[in-house]
Amino acid sequence: MFQHRSAWIAGFRASTRYFSTKSVPQAEIKYTTTINLPKTKFAARLSAEKRAEIEEQLRKTCLSKLYSWNRTALPAEKEFILHDGPPYANGDLHMGHAINKILKDLILKHNIISGRRVHYVPGWDCHGLPIELKALEAFSRKKTKAAGKDHKSAPEIRTTARKFALETIARQKNGFESWGVTGAWSDEAEGYYRTLNPRYIGAQLRLFYELYERKLIYRDLKPVYWSPSSQSALAEAELEYDEEHQSPSLYLKLGLENRGASCEAIDQQLLGTGTEIHAAIWTTTPWTLPANQAICYNPALDYDLVQSTAGDILLVGKDLIDYLADQLGTKFTVLQTLSGAALQSLRYHHPLHREEILPFLPAAHVKAEKGTGLVHTAPAHGPEDFLVCLERNIPIKNLIDEHGLYNDRAPKFLRGKYALTEGNQLVTNELAKSTLKLGTLVHSYPIDWRTKQPVMLRASDQWFIDTNSLKRRALEEVRAVEIFPRTSADVSKKVIEGQLQKRPYWCISRQRAWGVPIPVLYDAATKVPIASKALLAVIEDRLAKEASIDFWWTVPLEELVPAELLKQLGYESYAQLEKGKDILDIWFDSGVSWLTVLGKDRVADLYLEGVDQFTGWFQSSLLTSVAARGKAPYKAIFVHGFAVDENGMKMSKSLGNVICPKQIASRYGCDALRWWVCSHAIQNTSIPVSHKLLGSSAENVQKLRGILKFLLGVVAPGGSDGERLKHVVQQDHLKHVDRYFLEQLEKFARNVQGLYETYQYNKATAVILNFCLSTLSGLYLHVIKDRLYCGAQAEHANLRAVLDHTYRVLSKALWPIVPFLVEESWTYYDKGAFYSSSQRAPSLFPSRTAASVNAVECALDLRHAVYQQAQLNVNTWLLELDVECNETDRTLLSMLHPTLERHESSTELCELLQIGSVTLREGFAGGNRFAITVTKSGKPLCQRCRRFLLPTAEHLTCDRCSAILRQLSPVN
């Protein structure tokens with residue numbers, strides 16, 4: 001009797017208990033027609049096929065119109081802007097897409113149902129290496145290589161890549177729609193953006209030129225992460241790390257010029273011995289030694305000349321003597337200590353070319369943590385090395401080509417060899433005589449995120465954004481940005497701030513075919529870039545006409561550049577010019593999406609993406625927006641984790657652990673998928689996906705369906721609009737338990753609203769379930785079912801009004817999460833869509849609730865005490881209670897049970913306790929709050945309501961039921 005259960009099941013059991021021909025005499029069946037049982041055609045359960053049919057119908061007739069309705073029906077001054085980060089158009093939808101898009105939709109729907117207009121333009125990232133690789137894979141599968149041709153041309157790659165991207169977008173768009181995601185999906189012009197659209201590309205090219213004119217974009221020779229396997233520069237966000245990578249660990253001695261005689265601080269006695277003196281260095285990249293151009297030291301450190309047990313005299317950092325001795329397995333005798341500043345006059349012989357004499361250079365990046373305190377410096381292969389040499393105007397020695405092979409400027413024995421493998425081996429072999437120790441180091445090493453092959457730092461001519469000029473403003477903007485979830489906000493903010501602070505520049509050029517071309521020409525002789533407003537205008541004009549930027553690769557210069565523009569640029573012949581072949585980094589490509597979607601002035605209320613985007617899209621969007629307009633493109637950032645299987649493993653086809661969102665929606669329904677996202681997607685960086693969790697989500701949605709069915713059966717029998725108009729709560733006729741419930745309902749609505757506003761969706765689902773199964777179904781519906789089924793018409797009408805309001809409040813709380821369920825149930829309640837009708841739903845604020853709440857809470861405490869003591873394996877309506885309690889509790893309970901000394905079963909206290917009768921006495925309850933005596937009555941129960949005790953067996957119905965029966969027409 002007192003178990004928590006769904007209201008519909010409770011009602012069903014109640015009805016069968018009252019009227020089953022197996023449990024009551026045949027004569028009692030006549031009361032069936034006098035009972036107000038819930039009636040609705042809203043199905044208790046749906047088959048997978050029927051559910052799919054209803055979801056598709058609701059998408060077409062209801063949810064597809066939501067975004068356009070929101071843009072016209074809701075006030076513009078309350079607009080909420082959620083800017084969509086573009087997913088790659090490079091494959092079918094997976095659970096990461098479901099997490100991302102459904103979380104965004106929860107936010108959109110919450111704002112819409114709260115009366116705020118939303119601005120949401122979904123988009124796709126259509127360019128870059130992931131899609132280009134798909135195109136190249138397609139070529140390989142089709143075996144379309146022509147004889148003597150080992151690769152496809154840029155136009156061929158672009159044609160295939162575009163076709164692949166557009167086909168992928170069509171599939172993904174259908175998937176997003178199927179999940180009920182809000183958006184103008186049918187409007188290609190304004191409803192969604194694609195980075196390959198001419199309008200998008202045109203805006204991007206204009207921004208590039210604007211930043212170039214302001215010298216925030218420039219071209220230079222610098223070391224960048226270079227992927228030989230992709231033959232392109234890579235951004236930090238395009239790197240992964242191999243934690244088990246093995247590199248050579250080489251300790252090397254480099255001879256000082258004239259045994260260090262140029263340094264006056266060195267003891268002349270040491271110089272007089274004629275013994276060679278060496279600088280000791282350590283490197284894990286022996287392949288870079290041919291490009292060595294200096295040794296860096298730290299002027300703030302002390303250095304020692306030491307002699308090893310093998311007789312070598314070495315120059316090493318004083319603080320690293322013990323560390324180095326341990327690494328080399330030797331003992332050192334300190335011969336002399338030198339200040340770091342004394343090293344500035346030293347020079348040394350190049351490790352491979354002794355005739356080449358190179359300098360010692362001071363540098364703050366040299367530390368006394370490991371190694372030797374002296375750092376091998378190759379400016380072509382390290383950012384710190386580069387900056388040190390740049391400051392001294394030392395030309396960069398670049399010996400590696402785009403394939404990762406040594407070029408013709410390298411030593412002969414290395415030319416044409418792959419640096420990362422053969423290079424390491426050949427260089428270490430060549431330097432065997434100078435080697436102090438050669439070992440292997442297992443460490444974290446960057447690899448290309450697509451090819452999974454090692455990358456290198458390599459100097460090349462690239463385009464850069466001057467992030468140093470933007471850092472201060474960008475950091476100021478980030479500090480004002482709110483980050484969700486708030487539990488990890490401090491850590492998240494440190495991540496994005498740390499990325500900004502350590503980034504000296506941002507390489508925005510790539511050497512690929514599929515992307516947006518950098519809109520510049522080059523002087524054929526000097527390779528100096530040429531950009532002009534007139535050239536940009538020509539490009540934009542042609543882009544508008546052809547609806548594609550492919551002409552950059554297919555049209556010759558003579559056709560692209562008018563003769564008058566050639567003269568304007570100061571050239572006489574087209575042979576003096578070259579078209580640039582680089583494309584823009586996809587992080588720049590997608591990072592400027594705010595420009596097309598938001599324009600020059602607006603700022604998004606929220607950006608929402610995976611946690612990895614702190615080093616990706618969040619960063620590129622911030623830097624481009626700060627560069628262009630001096631402010632962040634977002635006011636807040638929301639981050640979520642990544643889907644893994646139940647064992648915490650990343651999902652992959654090779655492991656066979658992939659769970660596809662399409663399969664989930666087909667098996668469990670879209671609402672179950674959405675409930676799972678809402679319940680689990682923000683709690684951890686790894687989000688477990690399992691059929692156990694998904695099945696649990698489907699069960700929760702089914703429980704909610706049962707409750708909505710019960711409420712519909714009470715408030716909208718037959719779907720009659722006329723009846724519903726009469727559902728007005730008569731405040732004076734509310735009982736204390738009604739007021740208590742309405743107060744709980746109001747508190748529930750405020751709580752859910754607050755959780756939605758702060759993106760605490762996992763807590764929202766817990767609050768919703770607890771309220772529905774405990775407060776609503778387990779308490780209120782269970783307690784009032786006697787009044788609801790068997791009470792007088794006036795009492796029933798007021799309860800219907802309370803439950804009508806409950807249905808509206810609950811539907812509003814549920815709609816952002818399970819819109820298909822709510823919209824389906826609404827079709828049995830009212831005409832039109834729930835989202836439009838709910839905007840005019842009246843609020844109900846019960847009056848005089850404080851005293852009622854206190855009284856009911858006291859009664860619930862008493863009920864708990866009764867549960868612990870009473871034998872509940874009997875019909876509790878046959879039980880009679882005698883309760884002793886203190887004066888305060890007796891006063892509260894008397895509000896629910898005014899006839900303190902008489903056995904009275906019609907009071908609210910009996911209704912709450914589901915007990916036949918109660919006697920209240922003021923007294924001492926010992927160590928307990930209540931002293932309870934329970935007895936079982938021998939009196940029969942009313943044959944109609946099965947609640948009230950009858951005076952004698954001759955009576956068939958109680959006074960309440962008898963009065964109702966007299967008002968009804970006789971039943972045969």
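As the structure is a prediction and not an experimental result, all values here were calculated from the model.
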- Message: Just to verify, which of Y756, F80, Y759 counts as forming a ring pair (Phe, Tyr, Trp, His ring centres under 6.0 Å) with H110?
- Response: Y756

Is there a donor-acceptor contact under 3.5 Å linking the side chains of [X] and [Y]?
{"X": "D220", "Y": "Q462", "result": "no"}
{"X": "S573", "Y": "Q576", "result": "no"}
{"X": "R158", "Y": "S548", "result": "no"}

Side chains of [X] and [Y]: closer than 4.5 Å at any heavy-atom pair?
{"X": "L535", "Y": "P519", "answer": "no"}
{"X": "V516", "Y": "I583", "answer": "no"}
{"X": "L577", "Y": "L566", "answer": "yes"}
{"X": "L500", "Y": "T467", "answer": "no"}
{"X": "T596", "Y": "N197", "answer": "no"}
{"X": "D589", "Y": "Y200", "answer": "yes"}
{"X": "K581", "Y": "W553", "answer": "no"}
{"X": "L623", "Y": "Q619", "answer": "yes"}

Could you measure the distance from the [atom1] atom of [X] to the [atom2] atom of [Y]? Nearest 0.5 Å is fine.
{"X": "S178", "Y": "E55", "atom1": "OG", "atom2": "CD", "value": "8.5 Å"}
{"X": "Y571", "Y": "D523", "atom1": "OH", "atom2": "CG", "value": "3.5 Å"}
{"X": "D125", "Y": "T195", "atom1": "CG", "atom2": "OG1", "value": "4.5 Å"}

Heavy-atom donor-acceptor pair, [X] side chain to [Y] backbone, under 3.5 Å:
{"X": "E477", "Y": "A632", "result": "yes"}
{"X": "K215", "Y": "D466", "result": "no"}
{"X": "R674", "Y": "I102", "result": "no"}
{"X": "Q172", "Y": "G91", "result": "yes"}
{"X": "R510", "Y": "L584", "result": "no"}
{"X": "T168", "Y": "N90", "result": "no"}
{"X": "D585", "Y": "W587", "result": "yes"}
{"X": "W226", "Y": "E402", "result": "yes"}
{"X": "T624", "Y": "G591", "result": "yes"}
{"X": "W552", "Y": "G580", "result": "yes"}

- Examine K222 relative to Y505 and say whether NZ or CZ is less than 6.0 Å from the centre of the six-membered ring and inside a 45° cone about the ring axis. yes

- Taking the six-membered ring of W594 as reference, does the NZ or CZ atom of R629 fall below 6.0 Å from its centre and within a 45° cone about the axis? yes

Can you tell me how the ring of [X] sits relative to the ring of [Y], calling it parallel under 30°, perpendicular over 60° and tilted otherwise?
{"X": "F638", "Y": "Y761", "result": "tilted"}
{"X": "Y88", "Y": "W449", "result": "tilted"}
{"X": "W124", "Y": "Y192", "result": "perpendicular"}
{"X": "F588", "Y": "F208", "result": "perpendicular"}
{"X": "W617", "Y": "H83", "result": "tilted"}

- Task: Step by step, work out the side-chain contact (heavy atoms from CB on, under 4.5 Å) result for V520 and W463.
- Result: CA-CA 11 Å; V520 296; W463 288 91; 3.7 Å; yes

Crowded around [X] [atom1]? As in, over 12 foreign heavy atoms under 6.0 Å?
{"X": "K527", "atom1": "NZ", "value": "yes"}
{"X": "K600", "atom1": "NZ", "value": "yes"}
{"X": "E77", "atom1": "CD", "value": "yes"}
{"X": "R602", "atom1": "CZ", "value": "yes"}
{"X": "Q57", "atom1": "CD", "value": "no"}

- Of S230, S232, P228, which is the lone residue that meets side-chain contact (heavy atoms from CB on, under 4.5 Å) with D448? S230

- Task: Decide yes or no on side-chain contact (heavy atoms from CB on, under 4.5 Å) for F618 and Q499, but give the supporting numbers first.
- Result: CA-CA 11 Å; F618 295 152; Q499 286 293 319; over 6 Å; no

Identify the heavy atoms of [X] and [Y] that sit nearest to each other, and give their distance.
{"X": "C126", "Y": "I169", "value": "SG-CD1, 3.7 Å"}
{"X": "W815", "Y": "K109", "value": "CZ3-O, 3.3 Å"}
{"X": "D84", "Y": "V121", "value": "CB-O, 3.6 Å"}
{"X": "F820", "Y": "C670", "value": "CE1-CB, 3.6 Å"}
{"X": "L106", "Y": "P816", "value": "CD2-O, 2.9 Å"}
{"X": "L74", "Y": "I112", "value": "CD1-O, 3.9 Å"}

Salt bridge or not between [X] and [Y]? Use side-chain N to carboxylate O under 4.0 Å.
{"X": "R473", "Y": "E476", "result": "yes"}
{"X": "K471", "Y": "E497", "result": "no"}
{"X": "D105", "Y": "K101", "result": "no"}
{"X": "E177", "Y": "K173", "result": "yes"}
{"X": "D92", "Y": "R171", "result": "yes"}
{"X": "E213", "Y": "K533", "result": "no"}
{"X": "E240", "Y": "K452", "result": "yes"}

- With R116, the side chain to side chain donor-acceptor pair (under 3.5 Å) member among D605, N111, N70: N111

- Task: In sequence, state the C-alpha distance, the side-chain angles, and the governing distance for Q204 and L595, and then conclude on side-chain contact (heavy atoms from CB on, under 4.5 Å).
- Result: CA-CA 8 Å; Q204 185 177 176; L595 181 59; 6.0 Å; no

- Task: Given side-chain contact (heavy atoms from CB on, under 4.5 Å), test M95 with F642 step by step and report yes or no.
- Result: CA-CA 8 Å; M95 290 304 294; F642 303 100; over 6 Å; no

